[in-house]
Every structure is written in C-alpha cells, then in structure tokens.
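This report concerns only the one structure given below.
Atoms considered below: every heavy atom in the structure, side chains included; atoms not considered: hydrogens, waters and symmetry mates. Not measured: the values here are computed from a predicted model.
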Amino acid sequence: MALDLPFLWAAIIAFAVLAYVILDGFDLGVGILFPFFKQKHDRDVMMNSVAPVWDGNETWLVLGGGGLMAVFPLAYATILPALYMPLILMLLGLIFRGVAFEYRWRTKRGEFLWDIAFAGGSMVVAFMQGVALGALVQGIPVTGRAYAGGWWDWLTPFSIATGIALLIGYGLLGATWLVMKTTGELAARARRYALRAGIGTLAAMGVFSLWTPFLEPLYFERWFGWPTIVFSLLVPLLVLGCFAMLIHGLKTEHDSRPFIAALGLFVLGFAGIGISFYPYIVPASLTIWEAAAPEESLAFLIVGAVVLVPMILGYTAYAYWVFRGKVDPEEGYH
C-alpha cells in the first residue's frame, strides 16, 4: 500500500504546532503574568526560569510555518493573506520579547522599558495567536483556489474571544510552570494565579465547545455525527479529569502535577480542533490532498524531516534535562 504523504505531512505539521503551543505557551504565560509580580527579584527569577529554553521552543514555530509553505503551498498562499495583520503583530511581539530577554539584564535605568517589552510582547503574541486561530476556525473564504475575503475579515467577536481565551490558557501554563520551577512566596502566588486561570480556561473550553459546532455545518456533523460523537462525549470527561488533577495538585502543593494537567487541557483542546478540521487544512475549503505539493516534492522533503525532527526533539529534551529542577533565586542563566 502506497504511503499517504500528504496525510503524513499533515501529522508532522500538526505535531510541530502542538509542540510549539505547549512549549512556547508556558514562557509566553510567564510574560503574561509579569505585571502581577512587582518585585524585581521575582521578575528576575521568572525570566531565569525560561531563559535557557525559550528560544529553542520557538524552533517548532519555524518548523510548522516552514513546513506549511513547502508542503502545502496552496494552503499557505490562502491562509497568509487572510491573516496578515495578526501574524505581523505576532512576529513583532516575538521580536520585542526576544530582545527583552537580552537587554533587560544590560541596563538598570531602562529596565522598566524591557519589562514592558517582555510582558507586552508576550500578551500581543498570545492574543494574536488566538485571533488567528479563531479566524481560521470560523472559515476563510476561497474562490478559484485563492483568498476571496477582505483585509479585516479576521476581526470578529469569535476571533477576539479566542484571543482572550488563549491569553488565559497561556497564563495557566505560565503559572503552573512557575509552581514547578520556583519556591517560596513566588510559587505560592503562582498557585493562586494558576487556580484562577484554570477556572477561566475550563470556562473558555466550555463556551467554545458550545459555540464552535454552530459556525460551520462541517463542525456540527463532526461533533455530533457517528463515530466522532464518541470523542465529543469522551473529551468533556477527560477535561474534567485534567481539571480535577490541576486542583488537587495545587491544593496539595505538588510541584509538577498542575503543569502536567494544564498540558493535558491543551492537548485535548488541540485534538478537538484536529477532529473538527480533518480532512481540511483550510476548513470547508481545501483538503490536505488538494493543498499538497506534488508527490515528488513531498517524498524529497520527508527525508529531511526524518533527520530534522528527531534532532530537534533530542536537543530540546537535553536542554530541559540540563536545566531541570528548581531555579536558584540567587543565581541565574544570565
């Protein structure tokens, strides 16, 4: 049986996007929480908790975006014109927070400016990622294999709501990361923020679970048709299980359990989006087979992926292993 290369590549890109969301999500979450911690010492520890790994986390964004362009060029050419503004703002936010990681430690007088750049950049990135996701979920009009919408079609109540929801969700990841990596009063405050963000994330998942099926007939059929209705019935139970694990871990002051539970919520949400989309890469417009590059190109690129993806996984795992454990408040990466 011939290998289905478009499907395989869709799985690789989906994995890269998920890896980016859960890895870069927590360090964006640390930036989102930055304004709630006023003490310089706390902010230093927060940045040092993610400083060794933040840039490696963004490798997955490059892999996902580059893979989309190379493997699904028609989807890339359709999605980008629809989302130019949120994606440009997202990239600007990534630039500001990336520069802040280095420059904040080089100045005393201007430190507050880099604090703003780090926190503001993180918030802009998270919000714009949510907006872009919302715009993609609500549908991109395609006519003649090209984007047929306007400049501001991405800006809707649904996309704004998804932007706010992702801010809350990333805040949860950031708070549970701080619970796992810090000690003392900083960790105690992070637990309180994690509890609030966890409740907000659960509420947002409930709202969008009720809202999304009515955006497109495709989604309604997927969520309530057979056999995918089994998934629709199972996921709420798994979500409640992750939420119970989160609450129990916070109440018992367990270090890693809340972070694992938060990751579980994101994986379940991502799986729900995947079930809703499949087999479309541009919902209700282009399937993965319609948008794929020629088979020869996919076969050539898969050789590189077989080498590259394990390498990225390897050095990512090694970086987290080297910098495992609690952050020493008296020492830092910088």
(request) Rounded to the nearest 0.5 Å, what's the gap from OG1 on T156 to CG on D153? Could you check? (result) 9.0 Å
(message) Using the rule that Ile, Leu, Val, Met, Phe, Trp and Tyr join whenever any side-chain heavy atoms are under 4.5 Å apart, tell me whether F266 and V207 fall into a single cluster.
(response) yes
(message) Less than 3.5 Å apart, any donor N or O on the side chain of Y315 or T59 sitting next to an acceptor on the other?
(response) yes
(message) To check you understand the geometry: which heavy-atom pair defines the closest contact between Y147 and A82, and what is its length?
(response) CE1-CB, 3.5 Å
(request) Specify the closest pair of heavy atoms between P279 and W289, including all atoms of both residues, with the distance to one decimal. (result) CB-CZ3, 3.4 Å
(message) Are L172 and I260 connected into the same hydrophobic cluster when the rule is that any two of I, L, V, M, F, W, Y join if their side-chain heavy atoms are below 4.5 Å apart?
(response) no
(message) Between M205 and L265, is there a side-chain heavy-atom distance shorter than 4.5 Å?
(response) yes
(request) State, to 0.1 Å, how close P73 and A292 come at their nearest heavy-atom pair, and which atoms those are. (result) CD-C, 4.3 Å
(message) Does F270 have more than 12 heavy atoms from other residues, nucleotides or ligands lying within 6.0 Å of its CZ?
(response) yes
(message) Check R192 with E253, please: is the shortest side-chain N to carboxylate O separation under 4.0 Å?
(response) no
(message) I'd like to know if the side chain of R189 and the backbone of F36 have a donor-acceptor N/O pair within less than 3.5 Å.
(response) yes
(message) If you count heavy atoms of other groups shown closer than 6.0 angstrom to NZ of K251, is the number above 12?
(response) no
(request) List the atom of A175, the atom of Y193, and the distance in Å for their closest heavy-atom pair. (result) CB-C, 4.2 Å
(request) Give the C-alpha distance, both sets of side-chain angles, the deciding distance and a yes or no for ring pair (Phe, Tyr, Trp, His ring centres under 6.0 Å) between F214 and Y219. (result) CA-CA 7 Å; F214 298 97; Y219 301 153; over 10 Å; no
(message) Counting only heavy atoms not in W321 (residues, nucleotides, ligands), do more than 12 fall under 6.0 Å from its CH2?
(response) no
(request) Report the distance from atom CG of D115 to atom CZ of R104, rounding to the nearest 0.5 Å. (result) 4.5 Å
(request) Could you check if a side-chain atom of W154 sits within less than 4.5 angstrom of a side-chain atom of Y84, using non-hydrogen atoms only? (result) no
(request) Report, as yes or no, whether the 6.0 Å neighbourhood of atom CZ on F231 holds more than 12 heavy atoms from other residues, nucleotides or ligands. (result) yes
(message) If I take atom CD1 from residue I302 and atom OG from residue S297, how far apart are they, to the nearest 0.5 angstrom?
(response) 12.5 Å
(request) Considering non-hydrogen atoms only, spot the tightest contact between G130 and L166 and give its length. (result) N-CD2, 3.4 Å
(message) With heavy-atom distances below 4.5 Å as the criterion, would you say the side chains of P6 and E295 are in contact?
(response) yes
(message) Are Y318 and M311 linked, directly or through intermediate hydrophobic residues, by side-chain heavy-atom contacts shorter than 4.5 Å (ILVMFWY only)?
(response) no
(request) May I ask you to decide if the ring planes of W211 and F208 are parallel, tilted or perpendicular, using 30° and 60° as cut-offs? (result) parallel
(request) Any chance you could measure T78, atom OG1, to L136, atom CG, to the nearest 0.5 Å? (result) 11.0 Å
(request) Give a yes or no on whether the backbone of L173 and the side-chain of T176 come within a donor-acceptor separation of less than 3.5 Å. (result) yes
(message) Angle between ring planes, W54 versus F101, binned at 30° and 60°: parallel, tilted or perpendicular?
(response) parallel
(message) Let me check something: do F277 and I281 share a hydrophobic cluster, defined by ILVMFWY side-chain heavy atoms less than 4.5 Å apart, either directly or through other members?
(response) yes
(message) Could you measure the distance from the NE2 atom of H254 to the CZ atom of F259? Nearest 0.5 Å is fine.
(response) 14.0 Å
(request) With the side chain counted from C-beta on, respond yes when E290 and L74 share a heavy-atom pair under 4.5 Å apart, and no when they do not. (result) no
(request) For residues I140 and S285, determine if any side-chain heavy atom of one lies less than 4.5 Å from a side-chain heavy atom of the other. (result) no
(message) For a side chain to side chain contact (heavy atoms under 4.5 Å, CB included) check, start with the C-alpha distance between Y280 and L286, then their side-chain angles and the critical distance, and finish with the verdict.
(response) CA-CA 6 Å; Y280 291 91; L286 292 172; 5.7 Å; no
(message) Can you see whether Q138 engages S159 through a side-chain donor-acceptor pair at a distance of less than 3.5 angstrom?
(response) no
(message) Can a side-chain donor-acceptor contact be found between R324 and Y320 if the only test is distance below 3.5 angstrom?
(response) no
(message) Is the shortest side-chain heavy-atom distance between V235 and I275 below 4.5 Å?
(response) no
Distance-only check: which donor-acceptor pairs under 3.5 Å involve side-chain atoms of residues 8-27, not counting sequence neighbours?
unit_1 : atom_1 : unit_2 : atom_2 : d
W9     : NE1    : L298   : O      : 3.3
Y20    : OH     : D24    : OD2    : 2.7
Y20    : OH     : Q129   : NE2    : 2.7
D27    : OD1    : R97    : NH1    : 3.3
D27    : OD1    : R97    : NH2    : 2.9
D27    : OD2    : N57    : ND2    : 2.9

(message) Working to the nearest 0.5 angstrom, can you tell me the gap between Y278 OH and T287 OG1?
(response) 9.5 Å
(request) Under the side chain to side chain contact (heavy atoms under 4.5 Å, CB included) rule, what do K326 and D255 come out as? Steps first, then yes or no, please. (result) CA-CA 10 Å; K326 298 285 187 179; D255 286 341; 3.2 Å; yes
(request) Could you tell me whether the side chain of T316 reaches within less than 4.5 Å of the side chain of W60, counting heavy atoms only? (result) yes
(message) Restricting to non-hydrogen atoms, name the atom on R191 and the atom on L250 that form the minimum distance, rounded to 0.1 Å.
(response) CD-O, 3.7 Å
(request) Take L63 and I312 through the test side chain to side chain contact (heavy atoms under 4.5 Å, CB included) and record every step on the way to the result. (result) CA-CA 10 Å; L63 178 62; I312 298 174; 4.2 Å; yes
(message) Applying a strict under-4.5 Å side-chain criterion to I, L, V, M, F, W and Y, I'd like to know whether L167 and L202 cluster together.
(response) no
(message) Does any part of the side chain of F96, heavy atoms only, come nearer than 4.5 Å to the side chain of S122, both counted from C-beta?
(response) no
(request) Test side chain to side chain contact (heavy atoms under 4.5 Å, CB included) on F37 and L186 and set out the steps. (result) CA-CA 8 Å; F37 293 83; L186 198 162; 4.2 Å; yes
